[in-house]
Amino acid sequence: MSHNFANRMQSVPRSFIREILKVTQDPTVISFAGGLPNPALFPSEALAEAARTVIADHGGETLQYSTTEGHPPLREWIAARYRERDGLDVSADDIMITTGSQQALDLMAKVLIDPGDTIVMESPGYLGAIQAFSMFEPKYETVNVTADGPDLDALERALAKNPKLFYAVTSFQNPSGLTYSDEKRQAVAEMLKGTDTVFAEDNPYGDLRFAGERQRPLMAYRPEKSLLLGTFSKIAAPGFRIGWVVADPDLRHKLVTAKQAADLHTSTVSQRIVHRWLEDNDLDEHIAKICDCYGTQCNAMLTAADEFFPEEVTLTRAEGGMFLWAEMPEGCSSMKLFDLAIKEKVAFVPGNPFYVDGRDANTLRLNYTNAVPETITEGMKRLGKCMKDYIAS
Ligand code: PMP
């Protein structure tokens, strides 16, 4: 049976990662393919206690419909954290709670992008954003991301085309693990000044820093015409689907209208549980535990790469987040490597879906947060052997 689908569905890539996850269901496969936080770190007991309290003691409000903008005390909690840690001039009014930060991507595309509008994406870029934006049929300008942030010449060329939007993951990017330096943050802010381009900064991983110095969001340097997206998915638990967007009143009003049409509001239950948990627990202590664990796992992956990967393969050296990004020599295909790797029972995500031009990439994304160090070492040994065999063939 076939249906008359809307044109927009033709330009949306399917999530290749979801397809790969099917292959990695086999328990004998060591998978670096997922992008999931480590479930052993979910604060289950404290969250269960928070859930009991808000439902048993405040069921009337917790189980009720609520405002589209979100639970006011939760919005104030988020705003206070930005004020205290980043010196951002943000109040609860500037924040709208979203159903995961993924919803913020959909809503901002909905309110900003008409078919054919130009938007600027990082290359490689976050697959979920490529999917969300492609629904609205934009034209993409791409900017390569290097070790310390975007290629500024390419960004200048892209901005000259007067794009509606520049979307960036400024810290420990998914997929590459790369982070904008403070100098690049300031330089990008400077380039954006005076333009009409909305800058959307997506920062789900910034708190997961296990080495180096904490950085201020780029929004600190360019507050006007900017959106800042955050989420509790990586620092509490993704199952709640609680994210948020910081936006000026003009943008926020439009986002609120779009959200009303999408889902009325984000789950009141989730919002109130997360807020109760934040009130009764020390988030920074919890984040420190996550960072400690991810730092050890990342280190295991880097050490194994030094030992087992062929010399021609380069690897990013992340100071936080959940991913490393490997690059094989020019002309190699990470899809071909993937087929070899699955035979050797190790999986990763080939770089292809992270490029809007759908190229056959020589790059691959490696996630280190879901295996113990010994398993990471064994998986990297298998992968290193596949790379050597492939490059030699
Ligand atoms: N942005 C980026 C860069 C991500 O990596 C993710 C999660 N994979 C999201 C947004 C969406 O996260 P959530 O909807 O769980 O907040």
Side-chain angles (χ1 to χ4, degrees), residues 13 15-18 20-21 31-39 41-42 70 74 78 95-110 119-135 145 149-150 165-180 199-209 217-219 227-246 255 259 262-263 266-267 270-271 273-274 287 290 294 316 318 320-325 349 351 353-356 365-370:
S15 173
F16 185 68
I17 295 180
R18 306 244 154 250
I20 290 179
L21 291 183
S31 177
F32 302 135
L36 308 182
N38 189 332
L41 296 163
F42 293 156
L74 180 60
I78 295 164
I95 291 172
M96 180 176 84
I97 303 292
T98 54
T99 302
S101 51
Q102 188 67 31
Q103 184 184 44
L105 298 175
D106 175 58
L107 298 178
M108 74 193 198
K110 220 169 239 172
I119 65 176
V120 183
M121 280 296 287
E122 296 171 313
S123 184
Y126 170 50
L127 172 61
I130 297 175
Q131 276 193 312
F133 301 159
S134 295
M135 284 282 183
V145 208
L165 182 70
F166 170 29
Y167 167 78
V169 182
T170 47
S171 292
F172 317 128
Q173 194 223 35
N174 179 2
S176 69
L178 293 171
T179 293
Y180 289 28
F199 176 62
E201 178 172 22
D202 188 5
N203 192 18
Y205 303 104
D207 273 337
L208 303 183
R209 176 179 276 287
L218 203 156
M219 194 196 216
L227 296 166
L228 176 57
L229 279 56
T231 179
F232 286 109
S233 289
K234 312 297 190 302
I235 54 175
F240 285 113
R241 309 305 302 125
I242 304 285
W244 64 87
V245 54
V246 183
L255 291 169
K259 183 167 168 66
D263 64 356
T266 292
S267 160
S270 286
Q271 292 187 67
I273 295 173
V274 169
I287 291 175
I290 303 176
Y294 290 2
T316 52
M322 302 184 4
F323 305 106
L324 295 178
W325 184 246
V349 183
F354 303 108
Y355 300 95
V356 293
R365 189 189 79 174
L366 299 168
N367 165 260
Y368 48 76
T369 63
N370 278 285

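Here, residue 1 is the first one in the sequence, and each next residue gets the next number. In listed order, ligands and their atoms are each counted from 1.
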- Query: At under 4.0 Å between heavy atoms, which part of Lys234 makes contact with ligand 1: side chain, backbone, both or neither?
  - Reply: side chain
- Arg241 and ligand 1 - part of the residue with a heavy-atom distance under 4.0 Å: side chain
- Message: Return the closest protein heavy atom for atom 11 (C) of ligand 1 as residue, atom name and distance.
- Response: Ser101 OG, 3.5 Å
- re atom 15 (O) of ligand 1, the protein heavy-atom contact at minimum distance is Ser233 OG, 2.6 Å
- Task: Take every heavy atom of Pro238, measure it against each atom of ligand 1, and state whether any distance is under 4.0 Å.
- Result: no
- Looking only at heavy atoms of Tyr205, does any of them come nearer than 4.0 Å to an atom of ligand 1? yes
- Query: Hey, do the aromatic rings of Phe232 and Phe240 have their centres closer than 6.0 Å?
  - Reply: no
- Message: Quick check on contacts: which atoms of ligand 1 are under 4.0 angstrom from a heavy atom of Thr231?
- Response: 13 (P), 16 (O)
- Note on the structure: Note: ligand 1 atoms sitting under 4.0 Å from heavy atoms of Val169 are 3 (C)
Scan side-chain atoms only and decide if [X] and [Y] contain a donor-acceptor pair under the 3.5 Å cut-off.
{"X": "Tyr294", "Y": "Asn38", "result": "no"}
{"X": "Thr99", "Y": "Asp263", "result": "yes"}
{"X": "Gln173", "Y": "Ser176", "result": "yes"}
{"X": "Tyr126", "Y": "Gln131", "result": "no"}

- Query: Mind checking whether Asn174 has an N or O less than 3.5 Å away from an N or O of ligand 1?
  - Reply: yes
- Item | From CA spacing to verdict: side chain to side chain contact (heavy atoms under 4.5 Å, CB included), Met322, Tyr205 | CA-CA 8 Å; Met322 302 184 4; Tyr205 303 104; 3.9 Å; yes
- Task: Pick, from Phe172, Tyr126, Phe323, Tyr167, the option with the minimum heavy-atom distance to atom 6 (C) of ligand 1.
- Result: Tyr126
- Check: of Asp202, Asn203, Ile242, min heavy-atom distance to atom 3 (C) of ligand 1 comes from Asp202
- Side chains of Leu165 and Met108: closer than 4.5 Å at any heavy-atom pair? yes
- If we only count heavy atoms from C-beta on, is the Phe354 to Trp325 side-chain gap below 4.5 Å? yes
